[in-house]
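So the structure is just underneath, and the comments pick up after that.
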Protein chains: 2
Amino acid sequence: MPSRQKTKTRREKLENREEAIIESARAILNEKGFSKTTMAEIARAAGVADGTVYIYFKNKEDLARAVLAQFYDKLTETAQTGVDKRSGSIAKLKFLARHHMSRVMDNWRILEMLPLIDMKMDSYEGSDLYKLNRAYVAVFDRVAERAHEEGLIGSGTPLWVLRDMFFGSMDYGARTMLLIRQDDNINWFVDNLISTLFGRVEPSDKRRADVVDRLEAIADRLEDKL
Amino acid sequence: MPSRQKTKTRREKLENREEAIIESARAILNEKGFSKTTMAEIARAAGVADGTVYIYFKNKEDLARAVLAQFYDKLTETAQTGVDKRSGSIAKLKFLARHHMSRVMDNWRILEMLPLIDMKMDSYEGSDLYKLNRAYVAVFDRVAERAHEEGLIGSGTPLWVLRDMFFGSMDYGARTMLLIRQDDNINWFVDNLISTLFGRVEPSDKRRADVVDRLEAIADRLEDKL
DNA sequence: CCTGTAAATGAATATTCTTCAATTTTAGTG
DNA sequence: CACTAAAATTGAAGAATATTCATTTACAGG
């Protein structure tokens with residue numbers, strides 16, 4: 001049956017076209033921002049007529065949503081892959097932070113569309129974008145839970161607060177770094193962030209912990225003697 | 001000389017009109033957001049013709065900038081006043097946090113215009129809005145420096161990182177609270193935020209204290225024996 | 001009261017999103 | 001291969017809205 005073949009080819013062609021439109025939109029939106037980007041320009045870059053874009057996407061917002069969805073999808077994948085490669089909760093968290101910050105800084109014009117587009121307040125939960133966002137932060141949640149089990153995080157602070165602090169600090173930090181302190185490097189920020197949020201695993205602390213271990217051993221021996 | 005009188009009256013009238021336009025814009029922008037708000041609607045609400053708005057403001061962005069500027073101006077004043085009323089660095093910081101969060105949550109549609117409008121990358125430093133933003137965060141900086149002098153903050157983390165974490169966590173937290181956990185209260189978030197950022201009593205510290213207790217007890221008994 | 005300047009107006013213009021009637025392409029069929 | 005119905009595409013027209021500007025109105029100073 002060649003019909004299936006042909007159908008598949010056709011579908012593929014459509015998907016390619018959709019891909020091309022999203023890719024053109026992504027590039028232009030990230031360069032100019034939402035309001036300065038015109039549908040005509042996107043259509044031209046994708047090699048289609050103005051009206052064609054509206055066959056694939058309901059309107060400009062919907063297209064921007066698709067761009068954001070693709071962004072989150074890729075972001076989650078590279079984040080998870082990178083986390084899996086590292087060993088040790090702190091190393092995983094630091095990777096996640098560096099990864100997030102560099103992506104935010106490279107794509108801030110894409111990300112700044114989020115509140116603009118998605119803050120509908122009604123339809124947000126249940127939306128594709130919401131689910132993709134959940135999937136992304138879940139990468140953090142798993143690592144943070146693991147770190148908690150290992151005793152690296154004081155149990156006083158709820159996970160969702162830590163999560164908001166983790167991502168909020170970085171989103172804000174990325175913005176000030178872009179605007180003002182362009183030359184400061186990401187690593188410094190990330191190290192400070194992680195050590196503030198998660199039980200300060202600095203060298204000095206490790207040494208202090210060792211000292212405490214030794215003192216406990218001494219206490220044990222002295223108590224035996226007494 | 002009645003001329004001065006009359007001139008003053010006229011100038012006052014103009015300033016009142018400018019005020020009226022800003023106030024109408026503020027109300028409508030905070031209700032509908034930037035893109036859904038039309039200049040015609042603002043003009044109507046302010047009781048002027050469409051063209052009149054453009055005598056006072058170059059364009060829609062410029063008007064939105066004026067609204068943001070007024071917002072930051074008021075925000076800084078109420079923040080400083082509130083801080084002055086409290087005593088103790090932690091109380092001041094908690095007030096500042098609660099104050100910030102409630103204002104953000106009440107005015108998020110105004111605030112979400114910030115990246116839209118001001119992320120010019122070139123003209124930002126030196127702009128009015130930048131100066132007002134600096135003035136606002138300076139309120140935090142003064143309190144944090146004081147807290148640092150009092151030993152409430154570990155000196156490891158630079159002030160600018162703490163500042164980004166402070167405001168970033170809240171901006172992000174406010175958004176998730178608006179979108180998802182509407183019923184959770186601000187105080188819980190703020191308490192967790194402050195205790196994570198400032199003067200955290202970690203598990204390791206508790207353990208250290210326990211060991212000291214044991215050793216002191218042992219020392220007492222040894223002294224008795226000798 | 002008169003006059004020149006500043007302020008205000010709103011109809012006209014310009015830009016850009018979105019729709020849709022007409023056209024082209026494609027898949028399936030005899 | 002020719003034909004047909006459905007799907008996809010086109011680009012010009014329509015609609016919404018920001019912005020301009022020629023004209024009118026209000027006012028301060030004489």
Side-chain angles (χ1 to χ4, degrees), chain A residues 1-26 28-29 31-68 109 113 116-117, chain B residues 1-26 28-29 31-68 109 113 116-117:
Chain A
M1 251 200 257
S3 67
R4 181 124 54 100
Q5 268 293 340
K6 281 181 183 173
T7 307
K8 196 181 164 194
T9 304
R10 182 184 213 181
R11 193 177 300 156
E12 266 173 10
K13 196 187 157 197
L14 291 186
E15 271 168 20
N16 286 345
R17 190 149 274 199
E18 182 171 329
E19 264 297 312
I21 294 172
I22 291 180
E23 173 50 27
S24 300
R26 192 202 55 69
I28 300 173
L29 285 171
E31 191 198 336
K32 305 192 166 188
F34 185 79
S35 57
K36 302 256 165 84
T37 298
T38 69
M39 292 299 266
E41 196 178 358
I42 292 170
R44 184 155 42 77
V48 298
D50 293 14
T52 308
V53 179
Y54 289 85
I55 295 166
Y56 293 87
F57 304 96
K58 208 176 73 210
N59 52 35
K60 195 178 174 184
E61 268 198 21
D62 201 48
L63 174 54
R65 236 186 293 277
V67 169
L68 269 162
R109 276 188 184 285
M113 301 190 305
L116 191 70
I117 274 173
Chain B
M1 250 200 258
S3 67
R4 180 120 56 99
Q5 269 292 341
K6 279 183 184 173
T7 308
K8 197 183 163 192
T9 305
R10 185 184 209 179
R11 193 178 299 157
E12 267 172 9
K13 197 186 155 196
L14 292 186
E15 271 167 20
N16 286 344
R17 191 150 274 199
E18 182 171 327
E19 264 297 312
I21 294 172
I22 291 180
E23 173 51 28
S24 301
R26 193 203 55 70
I28 300 172
L29 285 170
E31 191 198 338
K32 305 192 167 187
F34 185 78
S35 58
K36 301 256 165 82
T37 297
T38 69
M39 293 298 266
E41 195 179 359
I42 292 170
R44 185 154 42 76
V48 299
D50 292 14
T52 306
V53 179
Y54 289 86
I55 295 166
Y56 293 87
F57 303 96
K58 207 175 75 211
N59 52 35
K60 195 178 174 184
E61 267 197 23
D62 201 48
L63 174 54
R65 235 187 293 276
V67 169
L68 269 162
R109 275 190 184 286
M113 300 190 306
L116 189 71
I117 275 174

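Residue numbering restarts at 1 for every chain, and letters A, B, ... go by the order of the sequence lines. All values below come from the heavy atoms of this structure, side chains included, with hydrogens, waters and symmetry mates left out.
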| query | For the pair made of CZ in A/R44 and P in C/dC17, what is the distance, rounded to whole Å? | reply | 12 Å
| field | B/E23: partners by salt bridge (Lys or Arg N to Asp or Glu O under 4.0 Å), with sequence neighbours left out | value | B/R26
| note | Scoring nucleotides 12-18 of chain D by protein non-hydrogen atoms under 4.0 Å (B base, S sugar-phosphate only, - none) yields -----SS
| task | Specify the separation, in whole Å, of atom CD1 of A/I55 and atom P of D/dT10. | result | 8 Å
| message | Rounded to whole Å, please give me the gap between CD in B/E61 and P in D/dT19. | response | 8 Å
| query | CD1 of A/I42 versus P of C/dT16: gap in Å, rounded? | reply | 13 Å
| query | Counting distance only, does the side-chain N/O of B/K60 pair as donor-acceptor with the main-chain N or O of B/F34 below 3.5 Å? | reply | yes
| field | Gap between atom CD1 of A/I21 and atom CD of A/E18 - 0.5 Å precision | value | 7.5 Å
| request: Would you give the length of the straight line joining atom CG of A/L29 to atom CZ of A/R109, rounded to the nearest 0.5 angstrom? | output: 10.0 Å
| remark: Rounded to whole Å, CD1 of B/I21 lies from P of C/dA7 at a distance of 13 Å
| remark: Out of C/dA8, D/dT9, C/dT9, minimum distance to the side chain of B/A49 belongs to C/dT9
Which side-chain N or O atoms in residues 37-54 of chain A pair as donor and acceptor under 3.5 Å with protein atoms at least two apart or in another chain?
{"residue": "A/T37", "atom": "OG1", "partner": "A/G33", "partner atom": "O", "Å": "2.7"}
{"residue": "A/T38", "atom": "OG1", "partner": "A/E41", "partner atom": "N", "Å": "3.1"}
{"residue": "A/E41", "atom": "OE1", "partner": "A/K32", "partner atom": "NZ", "Å": "3.3"}
{"residue": "A/E41", "atom": "OE2", "partner": "A/K32", "partner atom": "NZ", "Å": "3.2"}
{"residue": "A/T52", "atom": "OG1", "partner": "A/A49", "partner atom": "O", "Å": "3.4"}

| query | Taking atom P of C/dT25 as reference, at what distance in whole Å does atom CZ of A/R17 sit? | reply | 11 Å
| note | Rounding to 0.5 Å, atoms CG (A/L68) and CD1 (A/I22) come to a distance of 11.0 Å
| said: Any base atoms under 4.0 Å from B/Y56, or only sugar-phosphate, or nothing? Heavy atoms, all strands. | reply: sugar-phosphate
| note | Ranking C/dT9, D/dA8, D/dT10 by distance to the side chain of B/V48, first place goes to C/dT9
| task | Calculate the interatomic distance between A/F57 atom CZ and D/dT9 atom C1'; express it in whole Å. | result | 16 Å
